[in-house]
Each structure stands twice: as C-alpha cells, then as structure tokens.
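A short worksheet on the structure shown next.
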Amino acid sequence: MACPQCGAVFDNRDDLREHRNVCGGEFVSPEGEFKYKCGRCGQRFNTEEALGAHHIRAHAGEQEL
C-alpha cells in the first residue's frame, strides 16, 4: 500500500494509517525515484531531508545499529 501524499510504501494498512498521520505530503517525487533508504527499516525516500525526518519520527529512542 502506498501513501497517496508521498508514495512511501507499507506492508500493512495500520503502518500506512500511522504514516498518514505525520505525512504532510511535502516529499512528493514526480518520477517516483526514492533513492534514500532507511538503514533500519528499509523504507525509501526521495530526499535526504525526508529520510532525516523519518528517522526522527519512526526511530527516535532506538539504539544505533
């Protein structure tokens, strides 16, 4: 399932629903290129800023690998 705002892909509806609560839609990639990959969960983003924001939202408090 893909977020209609930014195109991020999720395996289940609950993860997509949680993501949509924080997604402002500012990370839209017109070509669908998501070259920045999270090393912790594998989610992809089209800007380095979007990846950084993801780390803050999704992985705050987790230990570094």
Side-chain angles (χ1 to χ4, degrees):
M1 289 174 229
C3 173
Q5 294 295 322
C6 71
V9 178
F10 298 90
D11 291 332
N12 63 62
R13 191 175 307 271
D14 290 334
D15 289 344
L16 174 60
R17 186 177 300 120
E18 182 179 327
H19 165 77
R20 291 194 62 193
N21 289 333
V22 296
C23 178
E26 66 268 18
F27 306 128
V28 174
S29 174
E31 298 171 19
E33 293 183 23
F34 296 93
K35 61 183 178 178
Y36 298 94
K37 183 178 179 181
C38 176
R40 294 185 181 180
C41 68
Q43 189 173 339
R44 294 185 173 271
F45 300 88
N46 68 336
T47 67
E48 193 171 359
E49 292 81 14
L51 175 59
H54 163 76
H55 273 279
I56 292 168
R57 283 191 313 266
H59 302 297
E62 290 182 5
Q63 270 187 312
E64 290 291 325
L65 298 175

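Just so you know, these numbers use all the heavy atoms, side chains as well, and skip hydrogens, waters and symmetry mates. If you're wondering where the values come from, they're calculated on a predicted model, not measured in any experiment.
In this structure, the separation between CG on Leu51 and NZ on Lys37 is 11.5 Å, given to the nearest 0.5 Å.
For the pair Thr47 and Tyr36, the tightest heavy-atom approach, listed with the atom from each and the gap, is C-CD1, 3.5 Å. Between Asn12 and Asp15, the shortest heavy-atom contact is OD1-N, 2.8 Å. Heavy atoms only, all atoms of each residue included: Ala60 and Ile56 are closest at CB-O, 3.2 Å.
With sequence neighbours excluded, the residues satisfying side chain to side chain donor-acceptor pair (under 3.5 Å) with His59 are His54, Glu62.
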